[in-house]
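To start, the structure itself, in structure tokens.
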Amino acid sequence: MKTDDLIRHLSANATPVRRLPPAWAQAAQWLLVALFSVALVVLLVSPRPDLAVKLGEMRFLIEEGAAFATAVTAAMAAFCLATPGHSRKLALLPAVPLALWFTSLGLDCLRAWLAFGWKAFQVELDWVCLPAIAMVGAVPALAIVAMLRRGAPLAPRMTVMLGGLAAAAIGDFGLRLFHPQDAGLTVLIWQFGSVLLFSALAGWSGHFFLRWRHVRLAG
Amino acid sequence: MRSAQDGDAAAFASLLREVTPLLRRKVLRKGWARHPQNAEDIVQEILLSVHTARATYDPERPFLPWLMAIARNRMADAARRDARQAAYEVAVEHLPEIRSEADQHAVLCRWDDQEQLRKAIHQLPPAQRQAIELLKLREMSMKEARAATGISIAALKVSVHRAIKALGALLDKEAWR
């Protein structure tokens, strides 16, 4: 097909489209959906009995704050990458809260080691974290994938990985509101590890979810 | 672009016509000048993607960075596709000699002297001799020959091919004596 003919076909198919909101507005819309779904799951499963006490602990607040900030910045970065014209460097947005989250968990491991020695490194098997994060993060994950598919698949793997990180981080944020597990090393391996695993899986499947879907040209 | 988002076909056509030479130059500068047809295909892919992603354009932001981000992405995809294809292509200077069934039959029929043919077949290595006897003299099908010998069809085909080639050489040598 000649380029002039293609332009004729494309302009004939140029039906009105609804402009996508800016990335920050899309991230805000997603956050509303995600928070509503997480709150619903936490209420259905019932919050942990010591939640009021935990909300007074600085370490718990820092880790929950870092998980929440990771989710927000990862969502923001994912929506930026799906909008042409934004710098790819924005993919680094969640690096700071992610580092803060990891550092807080790491410091807790260090404190436990100083207090109990090598006994502190006896890892509890807490398999429930993996499916629990998947359960709490399922609706946010579906929502963010559906929203990202409306954008441009410029960097499918990175975009979906950031979307997965956002969903998994908000999933872990919710998990800690009903799952009474605070041992630094256990949280680091089973919760932080699950978040990284889900993000990696999401990135691996990026091309499956995001690809150019061009208009079918008749004739 | 704002008009195109609102469904103004004429404005969209005019925009695409205006950006096409720019995109063409960009694609050619990126090393696709050696393949003008490929370059035009990439330009068309970019135009298709601009059409697909037109909802992502924010009128508050400049148009060219938006367009060039799509162009760079499509050019990178094309380069990856090109590299993948190049990895699977093998430059062949001499094509291998492949004889068709008819050619193989012609080699055997070329020689009227059945006794000479029989002697030549006896000089073949056992696997090739067996393949010729079953497939050409007893006219078995490949499946029947496989069932009779337990040798795979691929291996039988190779043996027949080599046997025909060897027979041709042997019989030609006899003819010169």
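These numbers come from a predicted model, not from an experiment. So that the names make sense, note that chain A is the first sequence line, chain B the second, and so on, each numbered from 1.
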Looking only at heavy atoms, the pair that brings A/I7 and B/A13 closest together is CG2-O, 3.8 Å
Sort B/T20 into side chain, backbone, both or neither according to what part of it lies under 4.5 angstrom from a heavy atom of chain A.
-> side chain
Answer with side chain, backbone, both or neither: which region of B/F63 has an atom nearer than 4.5 Å to a non-hydrogen atom of chain A?
-> neither
B/H51 versus A/H9: any side-chain heavy-atom pair under 4.5 Å?
-> no
Give, for atom CG of A/L20 and atom OH of B/Y57, the distance between the pair rounded to the nearest 0.5 Å.
-> 14.0 Å
Can you tell me if B/N73 uses its side chain to pair, donor with acceptor, with the backbone of A/L154 under 3.5 Å?
-> yes
To the nearest 0.5 Å, how far apart are CG in B/L48 and CG in A/L6?
-> 5.0 Å
Minimum side-chain heavy-atom gap A/W212-B/D77 below 4.5 Å | yes
Ion pair present between B/D6 and A/R19, side-chain N to carboxylate O less than 4.0 angstrom?
-> yes
Residue among A/T3, A/T83, A/D4 with most heavy-atom pairs under 4.5 Å to chain B | A/T3
Could you tell me whether the side chain of A/P84 reaches within less than 4.5 Å of the side chain of B/T56, counting heavy atoms only?
-> yes
Going from CZ on A/R18 to CD on B/Q5, what distance comes out if it is rounded to the nearest 0.5 angstrom?
-> 12.5 Å
Part of B/E45 lying under 4.5 Å from any heavy atom of chain A = backbone
Counting only heavy atoms closer than 4.5 Å, note whether B/R74 contacts chain A via side chain, backbone, both or neither.
-> side chain
Between B/R61 and chain A, which part of the residue has a heavy atom less than 4.5 Å away: side chain, backbone, both or neither?
-> side chain
For B/Q44 against A/K2, the heavy-atom pair lying closest together = NE2-C, 3.5 Å
Counting heavy-atom pairs under 4.5 Å with chain B, the top scorer among A/G85, A/P16, A/P153, A/A152 is A/P16
Using a cut-off of under 4.5 Å for heavy-atom pairs, which of A/R213, A/R150, A/H86 has the most such pairs with chain B?
-> A/H86
